[in-house]
Amino acid sequence: MRNALTAGHEYPDDDCSELRIKLAEQHGVRTEQVLVTPGSTGMLSLLCQILLGPGRNAVTSAQSFIVYGMLVRASGARLIETALLRDGFDLEAILGAINAETRLVFLANPNNPTGTLLEAGEIEKFLAAVPEHVIVVLDEAYYEYAAHFAALRKAEYSRSLEYVRRGARVVVVRTFSKVHGLAGLRIGYGMGPPELLGYCARMAHTYGVSSVAQVGALAAMADQAHIKQTVADNGAQAQILTRGLEDLGWRVVPTWANFVYCEIGSEASQFAALMREDGIAIRPLAAWGAPKCIRVTVGKAEQNQRFLDAARRVKSGVI
Ligand SMILES: *Cc1c(COP(=O)(O)O)cnc(C)c1O
């Protein structure tokens with residue numbers, strides 16, 4: 001990335017050719033089935049611009065990624081949210097909510113902020129039942145973490161790339177913001193039907209993905225040791241956080257991502273404010289319709305310990 005900065009006066013490759021070729025190779029899809037965007041939210045934004053508008057709608061679950069609603073409404077469309085089932089997506093309810101005006105369904109898998117997983121079998125059954133006029137977005141921002149947990153727990157996580165390969169009406173969305181640790185560079189990608197991605201590419205901001213982000217992504221893809229270490233550390237620390245929160249008597253939803261979702265039995269915004277005074281930022285989830293729940297990012301061992309110590313003090317009224 002430092003080397004790329006020295007050529008910062010030159011425009012980037014607008015097609016992200018080298019990165020697309022590498023991504024297509026790695027995922028076993030064709031280059032035309034890959035579009036690189038400024039973050040994966042860039043991909044989500046293009047899909048909303050292309051497929052939505054006044055009179056149309058998109059369907060997702062309540063308590064999912066906050067950006068879906070922002071992008072859907074920005075396009076002039078309406079977001080339909082179904083109720084949670086066991087803290088996660090209710091695919092039956094989502095099928096029931098799809099109507100003639102629906103163009104997009106967003107499945108965050110794992111879900112942010114509840115951390116729940118939809119297994120491959122459930123998704124497959126769902127896709128078979130979704131009507132032809134709807135594109136299903138499989139948002140796999142936490143793919144590597146979930147794949148790690150799935151191997152440990154003997155679950156089958158995702159066959160999403162098979163759907164892309166067979167030309168299904170899905171767009172798989174991945175990002176360099178999470179396991180690769182490049183959130184500030186803004187680079188992610190979608191994989192799906194070439195025709196649809198072509199329309200998205202025409203609507204994309206010209207030179208929207210910087211040259212520094214492109215070389216950073218290429219280097220990150222090659223750094224398998226970093227990915228392996230990160231998912232292993234996250235798995236171990238998620239378990240410590242989960243046990244620590246359960247020891248406080250709180251309900252923790254088993255996570256498949258790099259955060260934990262926890263019901264604390266009292267007003268979470270107040271808890272978060274007290275924690276903030278202690279220098280610890282966590283997410284109270286009132287705006288998600290869960291006023292007694294928090295989302296805690298899995299940090300380094302010492303950060304997680306500091307969080308648990310502070311949480312214990314706040315809970316016992318010491319702070
Ligand atoms: C973090 C996250 C993203 C990634 O957003 P970027 O724009 O790639 O940084 C996408 N989807 C979900 C559900 C997320 O939690």
Side-chain angles (χ1 to χ4, degrees), residues 16 19-20 23 34-49 58-72 74 79 81 84 87-89 94 104-118 123 135-147 149 157-158 160 170-192 200 204-205 208-210 212-214 216-218 220-221 227 230-231 234 238 253 255-261 281-283 285 287-288 290 293-299:
C16 303
L19 181 58
R20 279 173 69 218
L23 286 168
V34 182
L35 182 66
V36 178
T37 49
S40 55
T41 43
M43 185 71 227
L44 300 175
S45 171
L46 289 169
L47 288 168
C48 290
Q49 287 178 60
V59 183
T60 192
S61 174
Q63 289 186 50
S64 190
F65 192 33
I66 206 99
V67 173
Y68 301 148
M70 292 159 57
L71 296 173
V72 168
L79 182 71
E81 291 177 307
L84 285 181
D87 302 299
F89 275 71
I94 288 187
L104 278 172
V105 167
F106 297 103
L107 303 184
N109 193 31
N111 186 37
N112 176 6
T114 62
T116 51
L117 192 84
L118 290 164
I123 298 231
I135 296 283
V136 177
V137 176
L138 299 172
D139 184 341
E140 298 184 334
Y142 302 95
Y143 177 83
E144 294 82 359
Y145 301 106
F149 284 121
Y157 168 33
S158 176
S160 60
V170 303
V171 176
V172 177
V173 171
R174 304 246 180 114
T175 182
F176 287 96
S177 296
K178 302 289 157 68
V179 80
H180 300 291
L182 299 178
L185 289 179
R186 309 310 305 134
I187 184 161
Y189 56 104
M191 294 176 285
C200 290
H205 289 292
V209 181
S210 78
V212 178
Q214 291 183 42
L218 280 164
M221 274 181 81
I227 298 169
T230 302
V231 298
N234 180 69
V253 175
T255 187
W256 296 81
N258 66 346
F259 50 81
V260 284
Y261 176 80
I282 54 165
R283 179 72 75 196
L285 298 169
W288 280 255
C293 294
I294 53 171
R295 184 191 62 196
V296 185
T297 299
V298 177

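Whatever order the structure lists ligands and atoms in, that order sets their numbers, starting from 1.
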- Note on the structure: Of F259, Y157, Y145, the one forming a side-chain contact (heavy atoms from CB on, under 4.5 Å) with P110 is Y157

- Query: Within 45 degrees of the axis of the six-membered ring of Y261 and under 6.0 Å from its centre: does R295 put its NZ or CZ there?
  - Reply: no

Report all N/O contacts between ligand 1 and the protein shorter than 3.5 Å as a table of atom names and distances to 0.1 Å; if there are none, say 'none'.
residue: ligand 1; atom: 5 (O); partner: S40; partner atom: OG; Å: 3.3
residue: ligand 1; atom: 7 (O); partner: S40; partner atom: N; Å: 3.2
residue: ligand 1; atom: 7 (O); partner: T41; partner atom: N; Å: 3.0
residue: ligand 1; atom: 7 (O); partner: T41; partner atom: OG1; Å: 2.5
residue: ligand 1; atom: 7 (O); partner: R186; partner atom: NH2; Å: 2.6
residue: ligand 1; atom: 8 (O); partner: S40; partner atom: N; Å: 2.7
residue: ligand 1; atom: 8 (O); partner: S40; partner atom: OG; Å: 2.7
residue: ligand 1; atom: 8 (O); partner: T175; partner atom: OG1; Å: 2.5
residue: ligand 1; atom: 8 (O); partner: S177; partner atom: OG; Å: 3.4
residue: ligand 1; atom: 9 (O); partner: S177; partner atom: OG; Å: 2.6
residue: ligand 1; atom: 9 (O); partner: R186; partner atom: NH1; Å: 2.9
residue: ligand 1; atom: 9 (O); partner: R186; partner atom: NH2; Å: 3.4
residue: ligand 1; atom: 11 (N); partner: D139; partner atom: OD1; Å: 3.2
residue: ligand 1; atom: 11 (N); partner: D139; partner atom: OD2; Å: 2.7
residue: ligand 1; atom: 15 (O); partner: N112; partner atom: ND2; Å: 2.8
residue: ligand 1; atom: 15 (O); partner: Y142; partner atom: OH; Å: 2.7
residue: ligand 1; atom: 15 (O); partner: K178; partner atom: NZ; Å: 3.3

- Query: Parallel, tilted or perpendicular: which describes the rings of Y68 and F106, with under 30° parallel and over 60° perpendicular?
  - Reply: parallel

- Task: Rounded to the nearest 0.5 Å, what's the gap from CG on L46 to OG1 on T41? Could you check?
- Result: 10.0 Å

- For S64, which residues count as a side chain to side chain donor-acceptor pair (under 3.5 Å) partner, sequence neighbours excluded? N111

- Item | Test log, rule side-chain hydrogen bond (donor to acceptor under 3.5 Å, both in side chains), inputs S160 and E140 | CA-CA 9 Å; S160 60; E140 298 184 334; 3.0 Å; yes

